[in-house]
Protein chains: 4
Amino acid sequence: MRADARRNRELIVEAALDRFAVSGPAASMEEIARAAGLGVGTLYRHFPDRRALVEEIAGRSLRCLRTGLRSLAEQDVPRRDVIARYVGYCAGQPLALIKALAEENEAPEERLELQDELNGLLEALARQAQEEGTVRGDISPREVVELLSVVVCRPGARADDALTRVALDGLRA
Amino acid sequence: MRADARRNRELIVEAALDRFAVSGPAASMEEIARAAGLGVGTLYRHFPDRRALVEEIAGRSLRCLRTGLRSLAEQDVPRRDVIARYVGYCAGQPLALIKALAEENEAPEERLELQDELNGLLEALARQAQEEGTVRGDISPREVVELLSVVVCRPGARADDALTRVALDGLRA
Amino acid sequence: MRADARRNRELIVEAALDRFAVSGPAASMEEIARAAGLGVGTLYRHFPDRRALVEEIAGRSLRCLRTGLRSLAEQDVPRRDVIARYVGYCAGQPLALIKALAEENEAPEERLELQDELNGLLEALARQAQEEGTVRGDISPREVVELLSVVVCRPGARADDALTRVALDGLRA
Amino acid sequence: MRADARRNRELIVEAALDRFAVSGPAASMEEIARAAGLGVGTLYRHFPDRRALVEEIAGRSLRCLRTGLRSLAEQDVPRRDVIARYVGYCAGQPLALIKALAEENEAPEERLELQDELNGLLEALARQAQEEGTVRGDISPREVVELLSVVVCRPGARADDALTRVALDGLRA
DNA sequence: TATGAATGAGAATTCATTCAT
DNA sequence: AATGAATGAATTCTCATTCAT
């Protein structure tokens, strides 16, 4: 039953993402459990409270971004292109929704650490891009990161939509 | 008594904005009424339901943006500068909050009309800026408007912060 | 409507006492509200949570005991008789029930103060009774108070039942 | 496997007593099973429902009191001393807790019979003590039994605490 | 047989809205 | 017209009990 339970956990997370997307971040626990084809009790066995479910989703998202960014950073291309590819990578994910969800909870330690780690990686990347001369130097690496966060956490963000292109062009040295 | 009523209406809207800013978009009707120094009953006399209060706020914001934009558009400066000034004008307002609030309700006809009108003005502006050659022509006026909306509806948006500058630079022809 | 609200508050406390007596200390808030002829919302307007309702009941009981004890203590009779009358006074009240209820909550400051005050009065009384020679001196005043508490907080305690008489006789010097 | 089952049954009862003592009579079945080092399923294999577990505990306690009382009653000492020793014997057991637990359930036939039997033994003892002239005759044997029950079912009852001594003294002829 | 995952009814609590005063 | 008390549906969460593995 370990396998079953794991499967149910996945079902819950998927259902949650789905219901949050459709009904908004206020979707009820009951609604999510039903959408997963389970009882509320099962949802609560896997996640002791709403906060825990939301943090699971936020945590997965952050870890996924971190993983993606790490592997992009290994590529032997200009740092500027790594940034662009990262933006594209993000575009495939419902980051706007997840961000809205996460704002319900005050960020717990675990999330802060992931957040910091991700931001650290991105800042390093921004700094290197500035050093290689492909990103303008008149804004701080931290500002670059904030900017990317806005670009990427929009509903419907795409790798090649107008804002993305304008922002990346605007970042040019 | 008409004056009284008008005054109360103002008090409520101000209190609502204040409470929404502090307690988040989930601030309760009771909390808002209390902050306005009134009873809930009085709040409901002015606004038949929560939706109506939120729409009042959204409507005011849209009308305010429209007014500002109209007067900026009359200025005899390049359209590109009008756009920049509009962004600055927006920065003084809690648009991120108001946007989040408005997303609670499905947009009613009245809001859609205002929205469309504002977007129409902005699109015209964008088109003119492209025609005067100060804004790049490879994105549609509608895309420019969407971009501006993102730039302007961020928590803590400022007229001279990094994203604003990068976006405006990126818009250059 | 001040009068109405006060009346409802009383109705709630009475209904609570009644339902706790019948259904046990686990009686639900819904059940109590219904028994008072009110909606749950009204109950919660008067008492912000279950704890508050229980503490209201406990507080009333303690204040009532204090008042009774004070007035008994003014009587010009041997202290031993004051004690006996106090036991009789208590017998008219559902102290066993209220004690069981109060044990649900960790005692808040207010209850502790009332408790201490009442115990202080009783200890003084016990000490005086020992000094007047009508209560045995080989147990501490505090022990006398504890003993009285047991005597008085039994389901169905009566002023003249066997335990009461035996205990009072056993207290003789 | 029979031995295993018996062992598990014992583990459950011990764990239940322990958890009830620590977490109060509201300790959950899960908590008890966990404390016994077993799964809930196993608990339910041994006790079909919560009531059954509580009755097992109550029954054991009553049988234990009966056994103790019988053996005390065989001693060749005044009946009054038997009573005193019985009180001492009880003091070593968590009777207050068990009484509170048992009050959750309406007493089933089996418990009533045990109860009646124990009370019968105690009443006989009380009657004999009255006949031997060591216990006052102005209260009924049944009242003596009720009194002993109160003395013995207190949290923290001890063989030599104030209430015990006072009650036993008060019982003197 | 032991396990612990799943279930869902039930409890506390909140809040938009209505209505008596 | 203003007030705030009353209402009850909706939400989160718990726990006794069942059942698949």
Side-chain angles (χ1 to χ4, degrees), chain A residues 1-9 11-12 26-34 36-53, chain B residues 1-2 4-5 8 26-34 36-53, chain C residues 1-9 11-12 26-34 36-53, chain D residues 1-2 4-5 8 26-34 36-53:
Chain A
M1 182 144 300
R2 178 58 52 78
D4 251 46
R6 190 166 318 173
R7 169 138 192 75
N8 281 341
R9 193 179 170 93
L11 284 174
I12 289 167
S28 77
M29 298 297 264
E30 175 77 26
E31 179 182 357
I32 293 167
R34 275 315 139 203
L38 299 166
V40 241
T42 306
L43 196 166
Y44 277 94
R45 166 173 285 272
H46 287 280
F47 302 99
D49 55 18
R50 175 178 248 274
R51 165 175 309 257
L53 174 57
Chain B
M1 192 57 76
R2 176 61 50 81
D4 243 46
N8 280 345
S28 76
M29 298 298 265
E30 176 76 28
E31 178 181 359
I32 293 166
R34 219 25 68 201
L38 300 167
V40 243
T42 308
L43 195 166
Y44 275 91
R45 168 168 301 276
H46 287 280
F47 302 98
D49 55 18
R50 175 177 247 270
R51 167 176 307 256
L53 174 57
Chain C
M1 183 145 297
R2 179 58 51 77
D4 250 45
R6 190 166 319 173
R7 168 136 193 75
N8 281 342
R9 193 179 171 93
L11 285 175
I12 289 167
S28 77
M29 297 297 263
E30 175 76 27
E31 179 182 357
I32 292 167
R34 276 313 139 204
L38 300 166
V40 243
T42 307
L43 196 166
Y44 277 92
R45 166 172 286 273
H46 287 280
F47 302 99
D49 55 18
R50 175 177 248 273
R51 168 176 305 258
L53 174 57
Chain D
M1 189 60 74
R2 176 60 50 79
D4 243 46
N8 280 346
S28 76
M29 298 297 266
E30 175 76 30
E31 179 181 356
I32 292 166
R34 219 24 67 201
L38 300 167
V40 243
T42 309
L43 195 165
Y44 275 91
R45 169 168 300 277
H46 287 280
F47 301 99
D49 56 18
R50 175 177 247 270
R51 166 176 308 257
L53 174 57

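In what follows, chains carry the letters A, B, and so on, assigned in the order in which the sequence lines appear, proteins first and then strands, with residues in each chain numbered from 1. Given the structure is predicted, the values throughout are model-derived calculations rather than measurements.
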Is any side-chain heavy atom of Tyr44(A) less than 4.5 Å from a side-chain heavy atom of Met29(A)?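 Side chain of Tyr44(A) against side chain of Met29(A), heavy atoms only: contact under 4.5 Å found.
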
To the nearest Å, how far apart are [X] [atom1] and [N] [atom2]?
X        : N       : atom1 : atom2 : value
Asp49(B) : dA9(F)  : CG    : P     : 19 Å
Leu43(C) : dA11(E) : CG    : P     : 14 Å
Phe47(B) : dC15(E) : CZ    : P     : 21 Å
Arg6(C)  : dA20(E) : CZ    : P     : 22 Å
Arg7(A)  : dA20(F) : CZ    : P     : 18 Å
Leu38(C) : dT18(E) : CG    : P     : 20 Å
Tyr44(C) : dG8(F)  : OH    : C1'   : 13 Å
Leu53(B) : dC15(E) : CG    : P     : 16 Å

Closest non-hydrogen atom pair between [X] and [Y], with its separation:
X        : Y        : answer
Ala36(A) : Leu11(A) : CB-O, 3.8 Å
Thr42(A) : Ile12(A) : O-CD1, 4.2 Å
Ala27(B) : Ile32(B) : O-CD1, 4.3 Å

My understanding is that a pair needs two contacts under 3.5 Å, Watson-Crick or G-U wobble. By that rule, which nucleotide pairs with dT3(F)? dA20(E)

From NE2 (His46(B)) to CG (Leu38(B)), nearest 0.5 Å: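 Taking NE2 in His46(B) and CG in Leu38(B), the distance rounds to 7.0 Å.
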
Between Arg51(A) and Arg45(C), which has a closest nucleotide on DNA chain F that is more 5'?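 First, find each residue's nearest nucleotide; the 5'-ward one identifies Arg45(C).
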
Earlier contact from the 5' end, DNA chain F, for Gly41(B) and Arg34(C):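 Going by which nucleotide is closer to the 5' end, it is Gly41(B).
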
If you take atom types as modelled and just measure distance, does the side chain of Arg50(D) reach the base of dA16(F) with a donor-acceptor pair under 3.5 Å? no

Does dA5(F) have its OP1 or OP2 closer than 4.0 Å to a side-chain nitrogen or oxygen of Thr42(C)?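 No.
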
By nearest heavy atom, map Gly37(A) and Met29(C) onto DNA chain E; which one lands nearer the 5' end?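 The residue mapped nearer the 5' terminus is Gly37(A).
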
On DNA chain E, does the nearest nucleotide to Val40(A) precede the nearest nucleotide to Ser28(B) from the 5' side, or the other way round? Give the residue.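 On the 5' side of the pair lies Val40(A).
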
